[in-house]
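One structure is given here, and the rest of the page talks about it.
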Amino acid sequence: MHPKLVISIGDINGIAPEVILKSMIDHDYSKSVPIILSPFKVVNYYSDALDISLDINYCDNFDDISLGRVNVIWDDAFTDDIQPGIISAESGAVAMQSIEKCINYLKNNDAQAMVTGPISKEAVHLAGYNIPGHTEFLAKKNDVNDVLMMLVNNNLRVALVTAHIPISKVSLFIEKNLIQHKAQLLDHSLKNDFGIEQPKIAVLGLNPHAGDGGVIGKEEIEVIEPAIQEARKKGIKIEGPFPADGFFGHQLYNQFDAILAMYHDQGLAPFKLLSFGKGVNFTAGLPIIRTSPDHGTAFNIAGKNLANPTSFKQAYQLAIDLVHQRNVD
């Protein structure tokens, strides 16, 4: 089987094109067919600027893809200048157009998974897209009410109850039904996407010291603990709430198949420290498979041949693994 993976080019003024092209240098074509959705000019520019030599098949549509080459598809006009390091409406527009094209190929069953290059939310907003991030946009485009943002590095998996919302509003979103629903999504994904028959999930508290029995906050007692109890009634193996600092400090994550964090940085900061640049962002709960590297656009090093493609390579490989896992099921 040669699964076809569509790749969104990301922000063309960031490091996305660089990490994508570098990831293709030693690509094993016996395992998948890579298809980059990008203006040809962008791929040519970075290939030349970074001295990356690839056998590229430029085509106008999916019917012309080649099994043994890197495929690049684009059917829109592109005349804008490429400006590494510059945030612009043009780069945001191309990034979103690329994502939408990838989604359409997946919906038509032309491809089996997508890997997204990092985008700039600022550039995307300049282009007229009012979205908080990839995750929410993918949910809307796939007619899904709720999805789960999960970071993966081998057996370390961190999922989020809330994702791209201001820290000042996190406590307003932490409520029992949401936590319980996210726990169900996580349990289902661990079983169906990762092949874990009886996954064990840890839940982090919201407040320092998980509220210290209500002294520092009552969300653990009034919201999180009841949500955990409800999840257990549904057959989910789940424990907590754990104080986040002690949980990671004492390496308790080694005892669980996944961790459910309350908000973005509570989960992602320790994850990125522990994953050493090899983390992958996976969106659970979608009818399609989507992965991405766990880093951003890094405009400060764009076009300088300094970007490390490791995380993108891991994202690409996880997408392949998930395709095979879902086919097994």
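Basis for what follows: all heavy atoms, side chains included, without hydrogens, waters or symmetry-related copies. Not measured: the values here are computed from a predicted model.
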Mind listing the closest non-hydrogen atom pair of [X] and [Y] along with its distance?
{"X": "Ala315", "Y": "Pro293", "answer": "CB-N, 3.8 Å"}
{"X": "Ala111", "Y": "Val6", "answer": "CB-CG1, 3.8 Å"}
{"X": "Leu126", "Y": "Ser88", "answer": "CD1-C, 4.2 Å"}
{"X": "Pro199", "Y": "Ile196", "answer": "CD-O, 3.4 Å"}
{"X": "Ala95", "Y": "Ile119", "answer": "CB-CG2, 3.8 Å"}
{"X": "Ile216", "Y": "Asp212", "answer": "CD1-OD2, 3.7 Å"}

Pairs touching [range] that satisfy side chain to side chain donor-acceptor pair (under 3.5 Å), sequence neighbours left out:
{"range": "residues 162-172", "value": "Glu136-His164"}
{"range": "residues 62-73", "value": "Asp55-Arg69, Asn57-Asn71"}
{"range": "residues 236-259", "value": "none"}

Completion exercise
side chain to side chain donor-acceptor pair (under 3.5 Å) filter on His188, not counting sequence neighbours, yields Asn192
Problem - Those residues that, when tested against Asp187, pass side chain to side chain donor-acceptor pair (under 3.5 Å) (two or more places apart) - result: Lys191
Handout entry: Test: Lys101 cationic atom under 6.0 Å from Trp74 six-membered ring centre, within 45° of axis
Key = yes
Looking at [Y], is its backbone amide N or carbonyl O close enough to the side chain of [X] to form a donor-acceptor pair, meaning the two atoms are under 3.5 Å apart?
{"X": "Ser189", "Y": "Leu185", "answer": "no"}
{"X": "Lys107", "Y": "Lys141", "answer": "yes"}
{"X": "Arg157", "Y": "Ile259", "answer": "no"}
{"X": "Gln266", "Y": "Met262", "answer": "yes"}
{"X": "Gln112", "Y": "Lys4", "answer": "yes"}
{"X": "His209", "Y": "Pro243", "answer": "no"}

Kindly write out the residues that satisfy ring pair (Phe, Tyr, Trp, His ring centres under 6.0 Å) with [X], not counting sequence neighbours, or none if the list is empty.
{"X": "Tyr45", "value": "none"}
{"X": "Phe173", "value": "none"}
{"X": "Phe256", "value": "Phe242, Phe247"}

Exercise for the section: Assess whether atom CG of Asn145 is packed by more than 12 heavy atoms of other residues, nucleotides or ligands within 6.0 Å. Expected result: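 At most 12 heavy atoms, drawn from other residues, nucleotides or ligands, come within 6.0 Å of this atom.
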Exercise for the section: May I ask you to check whether over 12 heavy atoms, not counting those of Glu122, lie within 6.0 Å of atom CD? Expected result: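 No, CD of Glu122 has 12 or fewer neighbouring heavy atoms, counting only those of other groups under 6.0 Å.
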Handout entry: Intermediate values then yes/no, side-chain hydrogen bond (donor to acceptor under 3.5 Å, both in side chains), Gln325 and Asp321
Key = CA-CA 6 Å; Gln325 178 63 37; Asp321 294 341; over 6 Å; no
Practice task
Compute whether any side-chain donor of one residue and acceptor of the other, for Asn104 and Glu100, lie under 3.5 angstrom apart.
Solution key: no
Problem - Residue pair His27 / Ser32, side-chain donor-acceptor N/O under 3.5 Å - result: yes
Distance-only donor-acceptor hits, side chain of residues 11-22, under 3.5 Å, sequence neighbours excluded:
{"from": "Asp11", "atom 1": "OD1", "to": "Asn13", "atom 2": "N", "distance (Å)": "2.9"}
{"from": "Asp11", "atom 1": "OD1", "to": "Ser91", "atom 2": "OG", "distance (Å)": "3.4"}
{"from": "Asp11", "atom 1": "OD2", "to": "Ser91", "atom 2": "OG", "distance (Å)": "3.2"}
{"from": "Asn13", "atom 1": "OD1", "to": "Gln83", "atom 2": "N", "distance (Å)": "2.8"}
{"from": "Asn13", "atom 1": "ND2", "to": "Gln83", "atom 2": "O", "distance (Å)": "3.4"}
{"from": "Asn13", "atom 1": "ND2", "to": "Ile86", "atom 2": "O", "distance (Å)": "3.0"}
{"from": "Glu18", "atom 1": "OE2", "to": "Lys22", "atom 2": "NZ", "distance (Å)": "2.6"}
{"from": "Glu18", "atom 1": "OE2", "to": "Leu306", "atom 2": "N", "distance (Å)": "3.2"}
{"from": "Glu18", "atom 1": "OE2", "to": "Ala307", "atom 2": "N", "distance (Å)": "3.0"}
{"from": "Lys22", "atom 1": "NZ", "to": "Asn305", "atom 2": "OD1", "distance (Å)": "3.1"}
{"from": "Lys22", "atom 1": "NZ", "to": "Ala307", "atom 2": "O", "distance (Å)": "3.0"}

Spatial distance of atom [atom1] ([X]) from atom [atom2] ([Y]) [nearest 0.5 Å]:
{"X": "Lys313", "Y": "Met24", "atom1": "NZ", "atom2": "CE", "answer": "9.0 Å"}
{"X": "Asn281", "Y": "Ser311", "atom1": "CG", "atom2": "OG", "answer": "9.0 Å"}
{"X": "Ile236", "Y": "Lys200", "atom1": "CD1", "atom2": "NZ", "answer": "15.0 Å"}

Exercise for the section: Any pair with a residue in residues 267-287 that passes salt bridge (charged side-chain N to carboxylate O under 4.0 Å, His left out), sequence neighbours left out, goes on the list, sorted by first then second residue, please. Expected result: none
Exercise for the section: Please assess Tyr263 against Val161 for the test side-chain contact (heavy atoms from CB on, under 4.5 Å), listing each intermediate value before the final yes or no. Expected result: CA-CA 6 Å; Tyr263 57 92; Val161 174; over 6 Å; no
Exercise for the section: Start with the C-alpha distance between Leu5 and Val33, add both sets of side-chain angles, then the distance that settles side-chain contact (heavy atoms from CB on, under 4.5 Å), and finish with yes or no. Expected result: CA-CA 6 Å; Leu5 272 65; Val33 181; over 6 Å; no
Fill in the blank from the handout: Exactly one of Val280, Val323, Ile289 clears side-chain contact (heavy atoms from CB on, under 4.5 Å) with Leu318, and that residue is Val280
Practice task
Have a look at Ile9 and tell me which of Thr116, Leu37, Ile99, Val94 forms a side-chain contact (heavy atoms from CB on, under 4.5 Å) with it.
Solution key: Val94
Exercise for the section: Considering only NZ, NE, NH1 and NH2 on the basic side and carboxylate oxygens on the acidic side, decide whether Asp193 and Arg326 come within less than 4.0 Å. Expected result: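 Yes, Asp193 and Arg326 are salt-bridged.
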Practice task
Report the C-alpha separation of Ile103 and Met114 in whole Å, then their side-chain angles, then the decisive distance to 0.1 Å, and conclude whether the side-chain contact (heavy atoms from CB on, under 4.5 Å) test is met.
Solution key: CA-CA 8 Å; Ile103 293 172; Met114 72 181 293; 4.2 Å; yes
Exercise for the section: Anything under 30° is parallel, anything over 60° is perpendicular, the rest tilted; go ahead and classify Phe62 against Tyr105. Expected result: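 Plane angle between 30° and 60°, so tilted.
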Practice task
State, yes or no, whether a side-chain contact exists between Asn153 and Leu274 at a heavy-atom distance under 4.5 Å.
Solution key: no
Problem - With Asp146 via salt bridge (Lys or Arg N to Asp or Glu O under 4.0 Å) - residues at least two apart - result: Lys182
Problem - Asp28: partners by salt bridge (Lys or Arg N to Asp or Glu O under 4.0 Å), with sequence neighbours left out - result: none
